[in-house]
Participant: 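Dropping a structure here in structure tokens format, bear with me for questions.
Sequential numbering from 1 along the given sequence is applied to the chain's residues.
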Amino acid sequence: MGNSTSTSEGGGGEEHSQLERKLQSDLTFLKRAFSTLSASKDGNQQIIPISTLERVFNLAPLNVIDQVPSVDQSDLPLFISEIGSAVTRTFFNSESGQVDWPLFLSGFDLCCRQGLGAAKLKMLFAVFVKGKREHDLLPGLKVEGDQDLTGFVTMSQLQDILLLCWLLMCHTRLENVKDDKDLHVALPNLHPLLASCHAAASGASADTAWKGKEEISMDKVTSWVLSIIPGITDCLAQYVKAHLQRLALEEKIIKSDDKPAPQGTGAADKMEQVLDSETAEVVAPGLLTLGTAWAVGLSQRDSSGSGLVTAACDLWSSSNSYPTLLYRASSHGRGINRFWTRVEGYKAPLLLLISGTSTEGDNNKPTGENWVVGALISGGFDNKEVFYGNSGCCLFAISPHFVPLRSTGRETNYVYSHKRTPGSVYRSNPKPEGVGFGGSQGKERLWLDDEFVNVTVQHHALDKSYHSGSLVPGQGYGPVKGRVGEVEVWGLGGASADEEQAKFQHRENLFSEQRRKVDLKNFGNWKDSPEAMMMDMVSNPSKAAREER
């Protein structure tokens, strides 16, 4: 997988020229980065010491704080300290300890070339198997040939790799990196993701406890990642490319004797810089945590989740893609009416989150089982009496396990949201008020009643719009009823979508005011009005004849 010798030692000029043509779109910043990193010059030949590249791809200055969640034993600090040398030894390795221009190009191409997600994911794990320096971090894995991985990882090792991927994405999104300034980072809680992987690999229920030493085969890890969070497979290539682009833009000189910033382990589960749509003030994260935003964003196979990934990984709050809190039941009031005043007119992707507690019996007695479910609505909510939406919609089990249930393409009953408007024509069989997803009317896969008090989850056999799977733990064939704890709606369309909604609601308010106003001057004096004359004629039909005489 890696290069054992320099390309200049074993490769020809024609191969080098073909590689330059292949990387034509990236060649400008690659030349600038290479020139910046060169430690010595001999005519036209420039050389980068291998130790310099190790410092370039180090995760400094991230300083991770607190404790890693979910497992007691974690090697995350070792993964962080090894990433620079592992990447360099895997893609830019040279017996001479120096990297020339051909090797620099071939290493970049090997790391960032287009390919299947499975190959990219295995490359990420293989970096720590083939590029290991001091620590054998993944002893259960072995590399066969150039790319094939065999063996297993433990649950704690998988958590470390996922957290490392999150840190790589955070570092990728930094505007610049300064060696003299540490950036303190809080880690997300990835327990729902790990519970999902453990359940998929072992066949156990989603709420089965695990300790961290359980072994998961690499084939099952690959299958799970590609089905649940496929967006994670590009993190290593994006990390390497972002570093080199940053060097080209800033012309930053990195010395070979630079020391990596001190690393720790850490954990926190909070989402910062989320805004209320009316006050534009920072609000508490609620149900949308770092781990939830990151997982939902990575679960999408197109660009629809990129805003959530950026929001979760943007440590310096420099992005405009932060989600906007449109509605929260505990703050804005429960019920379809309050809900509709907050979400109407938002024509961009929305994320709905519902926390519930399972109930049983006629008295709806709580069982103590708490869970969170969600839905991604690709084009906003509409007040309709029929289902609507498109294949961009998705259902989610959020907690205690994370599973995306995407569109099947077989039916189009994606979203139902209806609120009866005042003054509407009376109907003998009015359509139900509430919010639903999948299934059919009266048998929705997920149904939130009009008062936002009760939520019902049906078995997937009744739904052909979304893929099969359990939204709540231990779900049988019968419906699961729950008492709603919280309901949140987050706008994912950015500032432009917020502005468009504000304009829409302003127009609606003006129309409402105009409909309520009555200009009495238009009616004049009552005695001279046609209505008064008609009333007189009805009450005294002979009055007009007497006036004529």
Participant: With no hydrogens and no angle check, is any side-chain donor or acceptor of Ser223 less than 3.5 Å from a backbone partner on Asp219?
Facilitator: no
Participant: Tell me the closest heavy-atom pair linking Leu376 and Gly392, and the distance in Å.
Facilitator: CD2-O, 4.1 Å
Participant: Would you check, one step at a time, whether the test side chain to side chain contact (heavy atoms under 4.5 Å, CB included) holds for Gln501 with Leu326?
Facilitator: CA-CA 10 Å; Gln501 187 197 27; Leu326 297 178; 3.7 Å; yes
Participant: Which of these, Lys22, Arg21, Lys241, sits in a salt bridge (Lys or Arg N to Asp or Glu O under 4.0 Å) with Asp109?
Facilitator: Lys22
Participant: Taking all non-hydrogen atoms of both residues, which atom of Gln157 and which atom of Pro139 are closest, and how far apart?
Facilitator: NE2-CD, 3.7 Å
Participant: Do Pro230 and Val225 touch side chain to side chain, with heavy atoms closer than 4.5 Å?
Facilitator: no
Participant: Give a yes or no on whether the backbone of Glu82 and the side-chain of Ser85 come within a donor-acceptor separation of less than 3.5 Å.
Facilitator: yes
Participant: Could you grab the distance from atom CG of Asn390 to atom OG of Ser407, nearest 0.5 Å is fine?
Facilitator: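 Reported to 0.5 Å precision, the distance equals 8.5 Å.
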Participant: Kindly determine whether Ile229 and Leu162 satisfy side chain to side chain contact (heavy atoms under 4.5 Å, CB included), including the steps that lead there.
Facilitator: CA-CA 11 Å; Ile229 47 174; Leu162 293 180; 4.2 Å; yes
Participant: Taking the side chain from Tyr346 and the backbone from Gly493, do they hold a donor-acceptor pair closer than 3.5 Å?
Facilitator: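 Flag set: sc Tyr346 to bb Gly493 pair under 3.5 Å.
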Participant: Please report the shortest heavy-atom distance between Trp210 and Leu194, naming the atom on each side.
Facilitator: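 Taking every non-hydrogen atom into account, CZ2-CB, 3.4 Å.
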Participant: Find the distance between CG (Leu405) and SG (Cys394) and round it off to the nearest 0.5 Å.
Facilitator: 6.5 Å
Participant: Quick one: does Lys122's side chain get under 4.5 Å of Thr222's, heavy atoms only?
Facilitator: yes
Participant: Is the His171-His243 ring centre distance short of 6.0 angstrom?
Facilitator: yes
Participant: Answer yes or no: is there a donor N or O on one side and an acceptor on the other, between the side chain of Thr52 and the main chain of Ile48, under 3.5 Å?
Facilitator: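 Absent.
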Participant: Are side-chain heavy atoms of Leu350 and Leu492 found at a separation under 4.5 Å?
Facilitator: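 Side-chain contact under 4.5 Å: no.
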Participant: Looking at every non-hydrogen atom in both residues, tell me the closest pair between Ala186 and Trp166 and how far apart they are.
Facilitator: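 Closest pair (atom of Ala186, atom of Trp166, distance): O-CH2, 3.0 Å.
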Participant: Any chance you could lay out the side chain to side chain contact (heavy atoms under 4.5 Å, CB included) test for Asp160 and Leu137, step after step, and finish with the verdict?
Facilitator: CA-CA 10 Å; Asp160 290 338; Leu137 297 174; over 6 Å; no
Participant: How long is the straight-line distance from NZ of Lys130 back to CG of Leu149, given to the nearest 0.5 Å?
Facilitator: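 Rounded to the nearest 0.5 Å, the CG-NZ separation comes out at 9.5 Å.
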Participant: Does the ring centre of Phe79 sit less than 6.0 Å away from the ring centre of Phe128?
Facilitator: yes
Participant: Salt-bridged, Lys347 to Asp382, with N to O below 4.0 Å?
Facilitator: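 Counted as a salt bridge, because a side-chain N and a carboxylate O are separated by less than 4.0 Å.
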Participant: Check whether any side-chain N or O of Asp100 sits under 3.5 Å from a backbone N or O of Leu103 as a donor-acceptor pair, and report yes or no.
Facilitator: yes
Participant: Please check: side-chain N/O of Ser196 versus main-chain N/O of Pro192, any donor-acceptor pairing under 3.5 Å?
Facilitator: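 Between the backbone of Pro192 and the side chain of Ser196 there is no qualifying donor-acceptor contact (under 3.5 Å).
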Participant: Are the side chains of Lys213 and Met155 in contact, using a 4.5 Å heavy-atom criterion?
Facilitator: no
Participant: Do we see a donor-acceptor contact under 3.5 Å between the side chains of Thr292 and Thr289?
Facilitator: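 Yes, Thr289 and Thr292 have a side-chain donor paired with an acceptor closer than 3.5 Å.
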Participant: So, Trp490 versus Thr324: side-chain donor-acceptor pair below 3.5 Å or not?
Facilitator: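 Trp490 vs Thr324: no donor-acceptor pair found between side chains.
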Participant: Rounded at 0.5 Å granularity, tell me how far CG in Leu351 sits from CD1 in Ile398.
Facilitator: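 It comes to 6.5 Å.
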Participant: Aromatic rings Phe57 and Tyr239: how do their planes relate, parallel, tilted or perpendicular, breaks at 30° and 60°?
Facilitator: tilted
Participant: Are the side chain of Gln98 and the backbone of Ile47 linked by a donor-acceptor contact shorter than 3.5 Å?
Facilitator: no
Participant: Can you name the closest pair of heavy atoms from Pro188 and Leu290 and give their distance?
Facilitator: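 For Pro188 and Leu290, the tightest heavy-atom pair comes out as CB-CB, 3.8 Å.
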Participant: Kindly indicate whether the side chain of Val403, heavy atoms from C-beta on, has any atom under 4.5 Å from the side chain of Ser470.
Facilitator: no
Participant: When you measure from the side chain of Arg406 to the backbone of Ser299, do you find a donor-acceptor pair of N or O atoms at a distance under 3.5 Å?
Facilitator: yes
Participant: To the nearest 0.5 Å, what is the distance between CG on Leu471 and OH on Tyr466?
Facilitator: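 Separation between the atoms: 10.5 Å.
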Participant: The test is ring pair (Phe, Tyr, Trp, His ring centres under 6.0 Å); show your working for Phe108 and Phe92 and say whether it passes.
Facilitator: CA-CA 8 Å; Phe108 176 82; Phe92 304 94; 8.2 Å; no
Participant: Would a distance-only check, ignoring hydrogens and angles, find a side-chain to backbone donor-acceptor pair under 3.5 Å from Ser156 to Gly212?
Facilitator: yes
Participant: Could you tell me if the side chain of Leu190 sits less than 4.5 Å from the side chain of Phe402, heavy atoms only?
Facilitator: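 The answer is no, as the side chains (C-beta and beyond) never meet within the 4.5 Å cut-off.
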Participant: For the residue pair Val296 and Phe396, what are the closest heavy atoms and their distance?
Facilitator: CG1-CZ, 3.8 Å
Participant: If you apply the rule side chain to side chain contact (heavy atoms under 4.5 Å, CB included), what do you find for Phe91 with Val99, and how did you get there?
Facilitator: CA-CA 11 Å; Phe91 302 112; Val99 178; over 6 Å; no
Participant: Does any N or O in the side chain of Thr90 come within less than 3.5 Å of the main-chain N or O of Val87, such that one atom is a donor and the other an acceptor?
Facilitator: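 No.
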Participant: State whether the number of non-hydrogen atoms from other residues, nucleotides or ligands found under 6.0 Å of Lys142 atom NZ is greater than 12.
Facilitator: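 Atom NZ in Lys142 is not packed in, count stays at 12 or less.
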Participant: From Ile83 CD1 over to Leu124 CG, what is the distance, rounded to the nearest 0.5 angstrom?
Facilitator: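 Going from CD1 on Ile83 over to CG on Leu124, the span is 7.0 Å.
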Participant: With heavy-atom distances below 4.5 Å as the criterion, would you say the side chains of Leu247 and Phe29 are in contact?
Facilitator: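 No; the side chains remain at least 4.5 Å from each other.
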Participant: Taking the side chain as C-beta and beyond, is there a heavy-atom pair between Glu20 and Trp101 under 4.5 Å?
Facilitator: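 When only atoms from C-beta onward are counted, Trp101 and Glu20 do touch, with a gap below 4.5 Å.
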